[in-house]
Amino acid sequence: MNPTATHISIDKYAKIIFGYFLLLYLYRMHSGTMLIDSYSSPIKAAGTNYTYWLALLLQFPQFINQHYLISWCLDFGILLLIIVCLFIRKQRWIWASLLLLLFFVKCFTIQLYACSHTKSISCNFVALLPLCFRKEKNAHLMIEFGRYFLIYILVISAYHKFVNGSLQNPENFSSILMHQHLDLATLYPQHISYKIATFLIEHTTLATFLFYILFVTQLCFVLGIFTKQFDKWLFLLLIAFAVLTYFFMRIYNFDILLLGITLIYFKE
Amino acid sequence: MNKLQQTYFFRLFKENKWLFVFVLLFIVCQHFFYLKKNNCFPWYVWNMYSYPEYKPDTLTQVEFYIDGERLNLAKIPIWQEATIQHTFNTYFHLYQHQYIDNQEKEMEKIRSYIPISSKEYWIKAIANDSINTKQFPTWFINYLEQQIVHHKINEVTVKTVAYKYTPPTFSKTQKSSTLITFKK
């Protein structure tokens, strides 16, 4: 190991990325996020997502949705490719490029036919992209781009909370929790998320304080624009953000952690 | 190296012009879709939970009843819950509008960019047609049978039910209605 290096080795970085991506993919398999699970769905929803329009014009989501064997091959081919990328070192960029292509073919298809679009898939895209470059120098530059993209996502989220008015509304977080947990309240009131939510719905001041903490957490990432000195702390904040929003609000924010790995790539 | 030369863009420009152009285009697209307030992969508007929400008098939710028993959405993975709710919402919207997809209205916004000769192809590829949409109830029952409950289903009833928050819990109000029933 070079003690004067400004970043960890690309190989180590790739192992962390693909290792975590494998965990995310296994969770997706468990959650029914496979093409074979929603095979032959008769309706689709592209909204105004023009990239999805382009995919539909190229006809590949329609084709995959109608062929069970192709869906199966994609679902398990991607799993195989992640494992290959995790252990192979030589020419990993070729396998990573194939993985990126197939993963997004799959994501587009499943999100179109499940009529559910998630923003966090862009984090997967930007996190995997650097490992598709043959030259280490280019991969390094794209990892840095990924780091700035992550900072952008969090800082702009904080900015919107301020300009759109949720931050100035004292009952905002309590109201969000009421909307978010109605199904738990009527179906599974002993759920830990609901128990936390009922306490916060009753204690509006505490809920507002927690919403401010969420805002400040996101705003802290602005430091990352000026220095890499606090990256490890920001990474810990990001883990706390993903875990706590899952427990408090039942939001799946674990894809953003994949992009968060860019924060542990650079040394101070 | 001075401070300007240390910046990311300067280094990127110096080391790889193609990557510099790629990153620049990415940023331009991100800003374009941000100004348009349009979510387009991978350029999204990151404004979740930013608009004020207020405590309502009553809250309404869509509930699914399988052979009379309510489906416990809270005990299935989030993605399956989203698939059930969002596919149903998309179908029900089409059902209420005589299976005419408002996706065609969205296409009108960029009509001038679509060549007239290929407009029909665009609509066929992007919008839902009535023939496929009418197959939804069968697919939906199969999905629930195979992925969720793992037994045969005779009928699925979808209702909207209103609840009032009476601390420390939610209680059902009289305002509930059946939206639709799918029979096998």
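The chains referred to below are lettered A, B, ... by the order of the sequence lines, with proteins before strands, and numbering in each begins at 1.
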Q.
Quick check for you: among F215(A), F162(A), F149(A), which has the greatest number of heavy-atom pairs under 4.5 Å with chain B?
A. F149(A)
Q: Find the one option among Q168(A), H191(A), R250(A), H30(A) whose heavy-atom pairs under 4.5 Å with chain B are most numerous.
A: R250(A)
Q.
Are there residues of residues 105-118 of chain A whose heavy atoms fall under 4.5 Å of chain B's heavy atoms? If so, which?
A. F108(A), I110(A), Q111(A), Y113(A), A114(A), C115(A), S116(A), T118(A)
Q: Look at the rings of Y194(A) and F170(B) and say which category their plane angle falls in: under 30° parallel, 30 to 60° tilted, over 60° perpendicular.
A: tilted
Q: May I ask you to name which of P189(A), A46(A), S41(A), G32(A) has the most heavy-atom pairs under 4.5 Å with chain B?
A: S41(A)
Q) Would you say L25(B) has more than 12 foreign heavy atoms packed within less than 6.0 Å of its CG? A) yes
Q | Atom group of L167(A) that falls short of 4.5 Å from chain B, counting heavy atoms | A | neither
Which pairs would a plain distance check flag for residues 54-64 of chain A, meaning a side-chain donor or acceptor within less than 3.5 Å of a matching protein atom at least two apart in sequence or in another chain?
| unit_1 | atom_1 | unit_2 | atom_2 | d |
| --- | --- | --- | --- | --- |
| Q59(A) | NE2 | Y121(B) | OH | 3.3 |
| Q62(A) | NE2 | L56(A) | O | 3.0 |
| Q62(A) | NE2 | A125(B) | O | 3.3 |

Q | Contacting region of Y246(A) [heavy-atom separation from chain B under 4.5 Å] | A | side chain
Q) Given that the side chain runs from C-beta out, which part of I123(B) has a heavy atom under 4.5 Å from chain A: side chain, backbone, both or neither? A) neither
Q. What part of I126(B) is in contact with chain A, defined as an atom under 4.5 angstrom from a non-hydrogen atom: side chain, backbone, both or neither?
A. both
Q. Side chains of L12(B) and F145(A): does their closest heavy-atom pair fall under 4.5 Å?
A. no
Q) Which residue out of E171(A), K44(A), M178(A), K161(A) racks up the most heavy-atom pairs below 4.5 Å with chain B? A) K44(A)
Q.
Counting only non-hydrogen atoms closer than 4.5 Å, does Y159(A) touch chain B with its backbone (N, CA, C, O), its side chain (CB onward), both, or neither?
A. side chain
Q | Structural part of F26(B) lying under 4.5 Å from a heavy atom of chain A | A | side chain
Q | E202(A) CD: over 12 foreign heavy atoms closer than 6.0 Å | A | yes
**Q.** Contacting moiety of T204(A), where chain B heavy atoms sit under 4.5 Å
**A.** side chain
Q) Mind checking which of residues 141-151 of chain B sit less than 4.5 Å from chain A, heavy atom to heavy atom? A) Y143(B), Q147(B)
Q: Calculate, to the nearest 0.5 Å, the distance between atoms CD1 and OG belonging to I84(B) and S38(A) respectively.
A: 11.5 Å
Q: Kindly indicate, with the supporting measurements, whether the criterion side chain to side chain contact (heavy atoms under 4.5 Å, CB included) is fulfilled by R28(A) and W79(B).
A: CA-CA 8 Å; R28(A) 278 170 192 270; W79(B) 181 261; over 6 Å; no
**Q.** Per-residue contact mode, K124(B) against chain A (heavy atom under 4.5 angstrom)
**A.** backbone
**Q.** Residue pair N169(A) / E53(B): nearest heavy atoms and the distance that separates them
**A.** ND2-O, 2.8 Å
Q. How far apart are the C-alpha atoms of F20(B) and L141(A), what are their side-chain angles, what is the distance that settles it, and do they pass the side chain to side chain contact (heavy atoms under 4.5 Å, CB included) test?
A. CA-CA 10 Å; F20(B) 177 81; L141(A) 287 167; over 6 Å; no
**Q.** Under 4.5 Å from any heavy atom of chain A - which part of W122(B)
**A.** both
Q) Is any side-chain heavy atom of N138(A) less than 4.5 Å from a side-chain heavy atom of W18(B)? A) no
Q.
Would you say NZ of K55(B) has more than 12 non-hydrogen atoms from neighbouring residues, nucleotides or ligands within 6.0 angstrom?
A. yes
Q: Measure Y163(B) against the heavy atoms of chain A and call it side chain, backbone, both or neither at under 4.5 Å.
A: side chain
Q.
Within a 6.0 Å radius of atom NZ on K17(B), are there more than 12 heavy atoms belonging to other residues, nucleotides or ligands?
A. yes
**Q.** Option that, when pairs with chain A are counted at under 4.5 Å, heavy atom only, ranks first among I76(B), I78(B), N132(B), N128(B)
**A.** N128(B)
**Q.** Heavy-atom closest pair, residues T90(B) and I43(A)
**A.** CB-CD1, 4.0 Å
(Q) If I measure from the heavy atoms of chain B, does L154(A) come under 4.5 Å with its side chain, its backbone, both, or neither? (A) neither
Q: Give a yes or no on this: more than 12 heavy atoms of other residues, nucleotides or ligands lie within 6.0 Å of atom CD of Q190(A).
A: yes
Q. Looking at L19(B), D101(B), N16(B), which has the largest count of heavy-atom pairs under 4.5 Å with chain A?
A. L19(B)
Q.
Check E15(B) with K135(A), please: is the shortest side-chain N to carboxylate O separation under 4.0 Å?
A. no
Q | Most contacts with chain B, counted as non-hydrogen pairs under 4.5 angstrom, among I201(A), I153(A), L214(A) | A | I153(A)
(Q) Is it the case that over 12 heavy atoms from other parts of the model lie below 6.0 angstrom from the CZ atom of R70(B)? (A) yes
Q. For the candidates F211(A), Y50(A), F104(A), W53(A), which exhibits the highest count of non-hydrogen atom pairs separated by less than 4.5 Å from chain B?
A. W53(A)
Q) With a 4.5 angstrom heavy-atom cut-off, which part of Q218(A) approaches chain B: side chain, backbone, both or neither? A) neither
Q. Considering only heavy atoms, which portion of L94(B) lies under 4.5 Å from any heavy atom of chain A: side chain, backbone, both, or neither?
A. side chain
Q) Do any of residues 30-48 of chain B come closer than 4.5 Å to chain A, heavy atom to heavy atom, and if so which ones, in number order? A) Q30(B), F33(B), Y34(B), N38(B), N39(B), C40(B), F41(B), P42(B), Y44(B), V45(B), W46(B), N47(B), M48(B)
Q. Please walk me through it: do F173(A) and Y49(B) pass side chain to side chain contact (heavy atoms under 4.5 Å, CB included)?
A. CA-CA 9 Å; F173(A) 197 45; Y49(B) 303 102; over 6 Å; no
Q: Could you go through the side chain to side chain contact (heavy atoms under 4.5 Å, CB included) check for T186(A) and K172(B) one step at a time?
A: CA-CA 9 Å; T186(A) 56; K172(B) 244 182 204 178; over 6 Å; no
Q | Region of F199(A) that comes under 4.5 Å of a non-hydrogen atom in chain B | A | neither
Q: Under 4.5 Å heavy-atom distance to chain B, tell me which part of V163(A) shows up: side chain, backbone, both or neither.
A: neither
Q. With distance as the sole test, does S166(A) use its side chain to make a donor-acceptor pair with the main-chain N or O of P52(B) at under 3.5 Å?
A. no
